[in-house]
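In what follows, a structure is listed as structure tokens, so that the remarks can point back to it.
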Amino acid sequence: MTTRLTEIWVGVFVAAGMAALFMLAMKVSNLSTYNEGDGYLVTARFEDISGLKERSPVTMAGVRIGRVKSIDFDNDALQAVVTMRIDTRHNTLPKDTSASIYTAGLLGEKYVGLEPGGDDKSLKQGDVVKLTQDSLVLEKLIGQFVTKLLENDNDKEGTK
Amino acid sequence: MSDTQSLVKIRDLHFARGSRKIFDGIDLDIQTGKITAIMGPSGTGKTTLLRLIGGQLKPNRGSIEIDGQHVETMNRSELFQMRKRMGMLFQNGALLTDISVFDNIAFPIREHTELPEQLIRTLVLMKLEAVGLRGARDLMPSELSGGMARRVALARAIALDPMMLMYDEPFTGQDPISMGVIVRLIHSLNDALGLSSIIVSHDIQETAAIADYIYLLSGGKVVAHGSADELSQSDSAWAKQFMNGEPDGPVPFHYPADDLQSDLLQKGMD
Amino acid sequence: MLDGLQLLGQNAIGFFQRLGRGHILFIAILAGIPELLARFRLVIQQVYSVGVLSLVIILVSGLFVGMVLGLQGYNTLVDFGAEESLGIMVALSLVRELGPVVTALLFAGRAGSALTAEIGLMKATDQLSAMEMMAVDPIRRVLTPRFLAGFISMPLLAAIFSAVGVLGGALVGVGLLGVDEGAFWSQMQDRVDLHEDIYNGVIKSLVFGVVVTWIAVFEGYDCVPTSEGVSRATTRTVVHSALAVLGLDFILTALMFGED
């Protein structure tokens, strides 16, 4: 095995390894859809964000227009403060846009869904989304449902 | 022994491995330009002595002086400088098996000098010529016979033109022709290159033929020393046993054991 | 009883001695790196024997592991009606865990044992001693290049393993079992995070590269210079590497992917 042939093979090997890494980065990971930096920040407050994480998607009309940048807790108001980065291209969101936390699929991850209002003015860097609806917590839902069921039964009992 | 020029002076050398004393106060002189043999029965630590001289091991006590410098107190870089002036021929050649004969001899030259490849080629070929193997330069060590491997190792040992060569059992296991070759090489190299040679061996015939001075070691001490003639005429029981190859004498035939009768009876009683 | 305790004590002291020697050797190996950068050809030679020659087993294993993941994953997910998530499952399993870990285990078996045997043999035939006597530091000349080569090769091999595995999973899932190609890839791209998953996987394989190569090189250098000694050292390399990789994997996974 001449030195030259060895070196060629090593070069091929390293290139293959780099190509594999590249392929993983591009085709497998979220690199292509991952653009940090280009966006403006808005905040929204929630009573309950359970399950929402940093980098969770922020959508409007089903299209992802941004990501959750950070989640903080306000000690005075005892609320969750969610900071979202909206892509700069989407700068026509009305000032009275509302934000709700949804679940993707039945057991999927949480995301923030934005619904437009009717205001002429648009959201800018640093604005606060005023109307918010909390994440639907499964346990609370079931609790509400069971309570409703019991109420119905009681009513039926009562009117018999 | 009084000396005009001792290249290597060993004084009161003590070395033990664990609880076993290998050297118990040894004095040795290696004369410049001469071939000095260190002989003795197997297991007396002759190879260990070479490693002590080369600084691979440190003595427990005593001094080893080479060309005026004390090896036992040298640090790593000083030792490395010293070793460039020494060549060592290992018992099995110890060639680097993944590179060719040529590259093996070029190895120390490439590692320690910045000489251009053309010059290195000339040097390597000259060394190979000295040992009679110039035509074998592109062979791999696995393709060499034992005798040839040793000659290549010898060429490698003289690659940097050392001042001193150490041979570890150079005659062991050689056929008569290879033996003759090695003997001739050691002698001519020593004279032609003005080297000082240390041969560690237990082959009396060959060693006596070329050694200028012989040290006989046993039990961790020098038990006899002198020229080959002096030793063969010596009265010392050690010298007599060794030079004449007697199976029993100061070096006993029996490995230390209990009295035979009691040993056999013990077995019976168990 | 007392003999047993004495034996235990001796083994324990011996264990710590080896650990100490191993770490001293590690520092000596690292110390040789700067001067090696000028003689990079030595490293390239070793990357060939350690990396390139491991390519075949990595490619084949990666492909089969990916295909099995596709098969098994489909069988499990289809019960939940979630077979469209097959892409995510295959990709995450490979990139986070199987890529680095299985590659490291295969590497230890193929390249690690070869390194140990080679160095052990050099020790047994006095080649290392001869180098010392020629004033060449055998650690810097023999061990450091091999160590660097392992460090460079491991993440590359792990990436190749994961990439080929994902392709294998796609081959089985989309090609054979009929999972929707668009769903397979887009769900995967949505969930596999460059920083969290891929970078962490690379870090894992770098750590494994250091540990496996270090063990292989140490066992060779430290072995008893007889044929039996070399064979036992080779076995130890594979076993200790496997244990170290699996143990470190747990620690790294807990650190990287644990809940914050």
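Worth knowing before you read on, the calculation uses all heavy atoms, side chains too, and leaves out hydrogens, waters and symmetry mates. Chain naming here is simple, since letters A, B, ... match the order of the sequence lines and numbering starts at 1 in each.
Listed options B/Leu89, B/Leu79, B/Leu96 were ranked by heavy-atom pairs under 4.5 angstrom with chain C; first place goes to B/Leu96. Taking chain C as the reference chain and counting heavy-atom pairs below 4.5 Å, the highest number among B/Met86, B/Met82, B/Arg156 is found for B/Arg156. Interface summary for chain C: among B/Pro162, B/Ala94, B/Gly54, B/Ala159, the most heavy-atom pairs under 4.5 angstrom belong to B/Ala94.
For the pair C/Asp137 and B/Arg76, the tightest heavy-atom approach, listed with the atom from each and the gap, is OD2-NH2, 2.9 Å. Across all their heavy atoms, C/Val136 and B/Phe107 have their closest contact at CG2-CE2, 3.9 Å.
Open room surrounds CZ on B/Arg134; 12 or fewer heavy atoms of other groups in view lie less than 6.0 Å from it. Open room surrounds CZ on C/Arg41; 12 or fewer heavy atoms of other groups in view lie less than 6.0 Å from it. By the 6.0 Å contact criterion, CZ on C/Arg21 is enclosed, its count of non-hydrogen atoms from other residues, nucleotides or ligands being greater than 12. The 12-atom threshold is not exceeded at NZ of B/Lys34, counting heavy atoms of other residues, nucleotides or ligands nearer than 6.0 Å.
Interatomic distance, CG of B/Leu95 versus CG of C/Asp126, reported as 11.5 Å (0.5 Å rounding).
Residue C/Glu132 is tested with B/Arg83, B/Gln56, B/Arg51 for a side chain to side chain donor-acceptor pair (under 3.5 Å); the sole match is B/Gln56. Looking at C/Met134, C/Met131, C/Met133 one by one, the single match for side-chain contact (heavy atoms from CB on, under 4.5 Å) with B/Pro108 turns out to be C/Met134.
Salt-bridge annotation for C/Arg140 and B/Glu111: absent, with no side-chain N of the basic residue lying under 4.0 Å from a carboxylate O of the acidic one.
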